Amino acid sequence: MTESKLQTPELSAPHPTLHVYNTLSKKKEPFRTVEAGKVSIYLCGPTVYDKAHIGHMVGPVIFDCIKRYLQYCGYEVTWVVNITDVDDKLIKKANERGITMLEVAEENIADYNFNLSALGVDTIDHFPRATDCMDEIIALIESLVEQGFAYESEGDVYFEVSKDQGYGKLSNRNVEQMQGEGGGTAVRKRGPADFALWKTAKPGEPSWESPWGQGRPGWHIECSAMSRKLLGETFDIHGGGLDLVFPHHENEIAQSECCHSKPMVTYWAHNGLLRASSAAGKVGGKSDRAGEPASAGDESVSGKMSRSKGAGGLAELIQRQGGERIRFFLLRTHYRSTVLFNEPAIEEAGSGLDGFYRLFKRYERITGKSFYDLHAPAIRDEEHTSAGNSVLEAAANCRKKFIAAMDDDFNTGGAIGELFELAKVINKHCDDSKLEDSGQQDAEAIATLEKSLTTFKELTNVLGLFVNADAKPQAAGGDSLLGDVMQLVIDLRAESREKKNFATADVIRDCVGPLGIVLEDRAGGTEWSGGGADTLDGVMQLLIKLRQTARASKDFATSDAIRDRLAALGVTLEDRAGGTEWVKA
């Protein structure tokens, strides 16, 4: 088949401002759709042979945000994420554990869905499973055989790469550079780059009846069949990690376009991969991702984070850090860049979130209302007026820049930078208007606060952030004990200042800062926010230090008070030759 034989469908008029990078053309293109006003998206999902790690969430979080933005722009969006529930790895895992392949799949699908929910990914419309689409898979293979693009060999069926003159156009490879499946299958193939569409069953393996005997599908054909079933022969956006450009997506294109004689996808969108890093990131809209957006074949693909390279269980990471913090970390810069992952970087990203949470608390103190109850526009509307109000003018300008960033190939990093700017504008307005003091009765200033914060919520809804109050961790580090011991620290600081023991008060201030904790003194008392996975132990070490200082200065009342308050919380301090240790009962 030659490229000239593809019958390209007539696309809609381009969106006036939105441009999307296309891996196929290697450039940004005006956004046009197969059907006017509608967008169809397919994202390659997990092979569910084990628990999910954070790398599995990069694509879903990004495309959840992309769908939200497209809906904000007025499109009706259908998003499909497939589940590969039949595979060599699944079979191997089932045999190792002495259970069925289905049981392995169900267990890990439940884990995957839990993690999606925790990270706020709730806009996926369809989760097709390969095992539920066998009729569609077999029908697609039969069509390729009938048209001469595929052939049967000893119960296997292979796609004949040499029959597709456009093969390699996505990854910029030619057939001579290709290496297909090796091992015992090589002798059954006409060419080394030919790839399996159907595999004959080995004894004891799960299998399905087909025109070529008992067997199961190859990996690539599954996605071609599932996307056709739910989105049609040509759809708008196909997403996936950069590591899938070759061979998976290259083979999907070959199968689908040879079968249908039309383009499979208008835009191929590939997110950067996750790599382990020892360097922490920078907060405030910036990130710890390397350089410019990556491209197929570079080091960022070969260095991706995976189970074999030490990626841990995501559920445990969510328990320590909270899903919203992880989502924010993944969205902080352009989706095509490589994500340099380490847990301290997530904690640093979380300190940026804490600034937003403090703004929400401030709004609640001033108005008695919750930020989460604000009703923001769900559809993009260019008619934002400020009526000469400088604060609302600044908010409108941040919104304009936010939209411009998202229009530029869904640049969430640039968009998040505008959230920080808008938060500064709103906080300055609160300060200038003394809304927590003498300006509490200034109805116009409070109305400006509410309008500007509604704009903030309009934008954060697009990113899937701050959608509901439950997403915010109740206590940093995931331990309710932290809130109790922090209250003890706050009480000790207040007592020290009252007694003019400023040295102790300063020690507390200086020690909580490196733990990522912010103390805010208000008329009604001191509030705290922030922290990370190791915060609880850090606060306990601070209390141990304060107790030792009190004992050294013969302030036994303070020393005993720390011991007794901790005991009431179920914490025992054990003095040993090497120092004091704390134990939770």
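Every heavy atom of this structure was used, including side-chain atoms; hydrogens, water molecules and symmetry mates were not. Everything numeric here is computed off the predicted structure, so don't read it as measured data.
Between the side chain of T412 and the main chain of T333, a donor-acceptor pair closer than 3.5 Å is present. Checking side-chain atoms of H19 against main-chain N and O of T17 turns up a donor-acceptor pair under 3.5 Å. Judged by distance alone, with hydrogens and angles left aside, the side-chain atoms of E222 form no donor-acceptor pair with the main-chain N or O of T84 at under 3.5 Å. Between the side chain of R68 and the main chain of L463, no donor-acceptor pair closer than 3.5 Å is present. With hydrogens and angles ignored, the 3.5 Å screen pairs a side-chain donor or acceptor of H334 with a backbone N or O of R336. T33 places no side-chain N or O within donor-acceptor distance of the main-chain N or O of V39, the cut-off being under 3.5 Å. A distance-only check finds no donor-acceptor pair linking the side chain of K262 to the backbone of P9 [under 3.5 Å]. One N or O on the side chain of D111 and one on the backbone of A52 form a donor-acceptor pair closer than 3.5 Å. Side-chain atoms of D408 never come within 3.5 Å of backbone atoms of N411 as a donor-acceptor pair (strictly under, hydrogens ignored). Judged by distance alone, with hydrogens and angles left aside, the side-chain atoms of S153 form a donor-acceptor pair with the main-chain N or O of R188 at under 3.5 Å.
Put simply, the side chain of S224 reaches to within 4.5 Å of the side chain of L140, judged on heavy atoms. By the 4.5 Å heavy-atom criterion applied to side chains, L274 and M57 are not counted as neighbours. The shortest distance between side-chain heavy atoms of T123 and W79 falls below 4.5 Å. A heavy-atom distance below 4.5 Å is found between the side chains of P377 and E458. M101 has its side chain within reach of V86: a pair of non-hydrogen atoms, C-beta onward, lies under 4.5 Å apart. Side chains of M406 and C73 form no contact here, defined as non-hydrogen atoms less than 4.5 Å apart. At a threshold of 4.5 Å between non-hydrogen side-chain atoms, the residues L317 and I346 count as touching. At least one side-chain heavy atom of Y335 sits less than 4.5 Å from a side-chain heavy atom of D409.
How far NZ of K5 is from CD of Q165: 9.0 Å, rounded to the nearest 0.5 Å. The distance from atom CD1 of I141 to atom CG of L197, rounded to the nearest 0.5 Å, is 5.5 Å. In this structure, CG on L340 lies 7.0 Å from OG1 on T338, to the nearest 0.5 angstrom. Interatomic distance, D132 CG to I83 CD1, rounded to the nearest 0.5 Å: 11.0 Å. L231 contributes atom CG, which lies 12.0 Å from atom NZ of K38 (distance to the nearest 0.5 angstrom). To the nearest 0.5 angstrom, Q255 atom CD is 8.0 Å from M264 atom CE.
Considering D64, I416, I326 in turn, I416 is the only one that fulfils the side-chain contact (heavy atoms from CB on, under 4.5 Å) rule with L331. Screening V80, I109, L116, N82 for a side-chain contact (heavy atoms from CB on, under 4.5 Å) with F127, the sole residue that qualifies is L116.
The aromatic rings of Y167 and F246 sit perpendicular to each other, their planes meeting at more than 60°, with 30° as the lower class boundary. Between H15 and Y75, the ring planes are tilted. Angles from 30° to 60° get that label. The aromatic rings of Y42 and F235 lie tilted to each other, with the angle between the two planes from 30° to 60°. F159 and F195 have parallel rings, their planes meeting at less than 30° on a 0 to 90° scale where 60° marks the start of perpendicular. Y72 and Y69 have tilted rings, their planes meeting at an angle from 30° to 60° on a 0 to 90° scale. Between F341 and F329, the ring planes are perpendicular. Angles over 60° get that label, and only those under 30° would be called parallel.
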**Request:** Start with the C-alpha gap between K199 and E205, add the side-chain angles, then the distance that decides, and say whether salt bridge (Lys or Arg N to Asp or Glu O under 4.0 Å) holds.
**Result:** CA-CA 11 Å; K199 300 178 181 180; E205 285 187 348; over 6 Å; no
**Intermediate values then yes/no, side chain to side chain contact (heavy atoms under 4.5 Å, CB included), F149 and D164** = CA-CA 8 Å; F149 294 109; D164 179 11; 5.6 Å; no
**Prompt:** Run the side chain to side chain donor-acceptor pair (under 3.5 Å) check on T78 and D125 step by step: do they pass?
**Reply:** CA-CA 6 Å; T78 302; D125 298 293; 4.9 Å; no
**Request:** Carefully, step by step, assess R320 and E343 under the rule salt bridge (Lys or Arg N to Asp or Glu O under 4.0 Å).
**Result:** CA-CA 10 Å; R320 293 193 301 272; E343 198 158 345; 2.8 Å; yes
**Request:** Carefully, step by step, assess L119 and I318 under the rule side chain to side chain contact (heavy atoms under 4.5 Å, CB included).
**Result:** CA-CA 8 Å; L119 269 65; I318 290 171; 3.5 Å; yes
**Request:** Let me see the working for K67 and D122 under salt bridge (Lys or Arg N to Asp or Glu O under 4.0 Å), right down to the final yes or no.
**Result:** CA-CA 11 Å; K67 176 175 177 177; D122 58 8; over 6 Å; no
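The heavy-atom pair separating W198 from W208 by the smallest distance is CZ2-O, 3.5 Å. Contact detail for S40 and D236: the closest heavy-atom pair is N-OD2, 2.9 Å. The heavy-atom pair separating D194 from K189 by the smallest distance is O-NZ, 3.0 Å. Between M226 and C133, the closest heavy-atom pair is CG-SG, 3.7 Å. When every heavy atom of H249 is checked against every heavy atom of C44, the shortest pair comes out as NE2-SG, 3.3 Å. Here the closest non-hydrogen pair linking L353 and E324 is CD1-O, 3.8 Å.
Residues Y112 and H56 keep their aromatic ring centres 6.0 Å or farther apart.
At a threshold of 4.0 Å, the pair K93-E107 does not count as salt-bridged, since none of the basic side-chain nitrogens sits closer than that to a carboxylate oxygen. Using a 4.0 Å cut-off between a side-chain N of Lys or Arg and a carboxylate O of Asp or Glu, R332 and E348 do not qualify as a salt bridge. Salt bridge status for R216 with D88: present, with a side-chain N to carboxylate O gap under 4.0 Å. Using a cutoff of 4.0 Å between basic side-chain nitrogens and carboxylate oxygens, K89 and D50 are not scored as salt-bridged.
For K26, the NZ atom is densely surrounded, since the number of other residues' heavy atoms within 6.0 Å is greater than 12.
Partners of D407 according to the salt bridge (Lys or Arg N to Asp or Glu O under 4.0 Å) rule, which considers only residues two or more places apart in sequence or in another chain, are R380. Among residues two or more places apart in sequence or in another chain, the side chain to side chain donor-acceptor pair (under 3.5 Å) test is passed with Y267 by none. Applying the side-chain contact (heavy atoms from CB on, under 4.5 Å) criterion to K457, with sequence neighbours excluded, gives F371, L374, A376, T460, N461.
E252 and S256 form no side-chain donor-acceptor contact under 3.5 Å, judged by distance and modelled atom types alone.
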